[in-house]
Number of protein chains: 2
Amino acid sequence: MPRPRVLPYIILGLLNKNGTMSGKDMISEFKTDISEFWTVSHSQLYPELQRMVDEKQIKVAEDVEVKDRKVINYVIEAKGQETLKRWLAEPITLKNDELTSLKLYCISDQRAPILQQILKQCLALHQQKVVHLKARKELLFGDESAIKGNYGHYLILSRAIERESDYVNWLQSKIN
Amino acid sequence: MPRPRVLPYIILGLLNKNGTMSGKDMISEFKTDISEFWTVSHSQLYPELQRMVDEKQIKVAEDVEVKDRKVINYVIEAKGQETLKRWLAEPITLKNDELTSLKLYCISDQRAPILQQILKQCLALHQQKVVHLKARKELLFGDESAIKGNYGHYLILSRAIERESDYVNWLQSKIN
DNA sequence: GAACGCATGTAAATCGTTACATGATTCA
DNA sequence: TGAATCATGTAACGATTTACATGCGTTC
């Protein structure tokens, strides 16, 4: 069972959000706005675009505009919009939570129901994380004398708890 | 230029911290204490252990103890300790910062100079991140009317700023 | 019109995961 | 003794990165 792919969905998300885009445009947006969370090289992007055209997820935009250059512009197809919708609606799990920011990035409309759905699932997941991490800290460092001999471990565990707790608070503040 | 490897250093870190360990022991510690930050499959671990024995970074521990099972125990060698030391001392950059938690995990002693060194570099890096993210937010959403049409983007950018700011505060609290 | 830049494209090498395999130990 | 379990080991595939390649357009 191959690892689930990310790139095709980001491509769909960008095209759905921005309309017509070239590969170059996508690379540019990846770098400026998405590199904080995810990166991709152009040697992955271009073959993927071809594959997605074959799959009818996207199509080449016959722009009357700028065809001076060898730029290829793409637009999303109906099938692609459904694929994107299904991806956004997938349940959030420990395994795929690293993609949640990317999913949110693809949602332009503040009132989209899927947005609240994602935030709520994310909240539940990270609340569990906090519980788990706190239990782990209590187990390992409940006796504070254990901190001395494993200070680095203690540090990152403490930090993880703070980080997750902050995230939980933020998520709650964004949920209706 | 191949991507820098992580696994060998974690192996060295664990052996340096715990003394004698088998592959199974490492897998176990990966799962319980490190899975929050990093994962590895056993099919990666075992060949890597063999490679590191060949390189004299570690060696098989001739335990008189439990040799009933086919368990193979390892200990770190002097060369491995130097390799580990060099890794911990590498400058922290945007590229390798995702490994910082793993590095901290390998440092048992609260008073180790390398600990403060890492925390300070990490602080500088994330302070820069905050500056960059805030500038980006000002540029994109300084005009609040822009939020409506790109709400997801606004959300994750805002969250990133809070997350990084919290991290900066935490780092400062841990620095002498 | 020759050289360079740039969007796109291709190849090779590496990394990492899943699935499967081995051989020893335990236990019924 | 034979089945099951377990630590270790191997194979195959997909994903990702680096390096290199193509070919159009601009510019000097």
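The chains referred to below are lettered A, B, ... by the order of the sequence lines, with proteins before strands, and numbering in each begins at 1.
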- Return the nearest nucleotide to the side chain of B:Ile72; candidates are D:dT8, C:dT17, C:dA7. D:dT8
- Note on the structure: Rounded to whole Å, CD1 of A:Ile11 lies from P of C:dT8 at a distance of 12 Å
- Task: For the side chain of B:Lys70, starting at C-beta, report the closest nucleotide among C:dT17, D:dA7, C:dA19.
- Result: D:dA7
- Distance, rounded to the nearest Å, where B:Glu98 contributes CD and C:dC15 contributes C1': 13 Å
- Is the shortest side-chain N to carboxylate O distance from A:Glu29 to A:Lys17 below 4.0 Å? yes
- Query: B:Tyr46 has an atom OH; how far is it from atom C1' of C:dG16, in whole Å?
  - Reply: 17 Å
- What is the nucleic acid contact for B:Thr39, judged by heavy atoms within less than 4.0 Å: base, sugar-phosphate only, or nothing? sugar-phosphate
- Out of C:dG16, D:dT17, D:dA7, which nucleotide sits closest to the side chain of A:Gln44? D:dT17
- Counting heavy atoms from C-beta on, name the nucleotide in D:dG9, D:dT10, D:dA7 closest to the side chain of B:Pro47. D:dT10
- Round to a whole Å and report the spacing from NZ of B:Lys31 to P of C:dT17. 13 Å
- Using whole Å, report how far CG of A:Asn96 lies from P of C:dT17. 16 Å
- Query: For the pair made of CG in A:Leu7 and P in D:dA15, what is the distance, rounded to whole Å?
  - Reply: 10 Å
- Query: Which part of the nucleic acid does A:Ser43 contact within heavy-atom distance under 4.0 Å: base, sugar-phosphate only, or nothing?
  - Reply: base
- Query: What is the distance, rounded to the nearest whole Å, between atom CG of A:Leu45 and atom C1' of C:dT10?
  - Reply: 14 Å
- Message: From CZ of B:Arg5 over to P of C:dA13, roughly how many Å is that when rounded to an integer?
- Response: 17 Å
- Query: Would you call A:Glu162 and A:Arg159 a salt bridge, taking side-chain N to carboxylate O under 4.0 Å as the test?
  - Reply: yes
- Task: Could you check which of C:dT17, D:dT8, D:dT17 has an atom nearest any side-chain atom of B:Val71?
- Result: D:dT8
- Query: Is a side-chain N or O of B:Glu164 found less than 3.5 angstrom from the main chain of B:Val130, in a donor-acceptor match?
  - Reply: no
- Message: I'd like to know if B:Glu55 pairs up with B:Lys79 as an ion pair, taking the criterion as any Lys NZ or Arg NE/NH1/NH2 lying under 4.0 Å from an Asp or Glu carboxylate oxygen.
- Response: no
- Query: With the threshold set at 4.0 Å, does a side-chain nitrogen-carboxylate oxygen contact exist between B:Arg136 and A:Asp33?
  - Reply: yes
- Message: Both A:Trp38 and B:Tyr74 contact DNA chain D. Which one's nearest nucleotide lies toward the 5' end?
- Response: B:Tyr74
- Message: Strictly below 4.0 Å: does B:Lys24 bring a side-chain N or O up to OP1 or OP2 of D:dA7?
- Response: yes
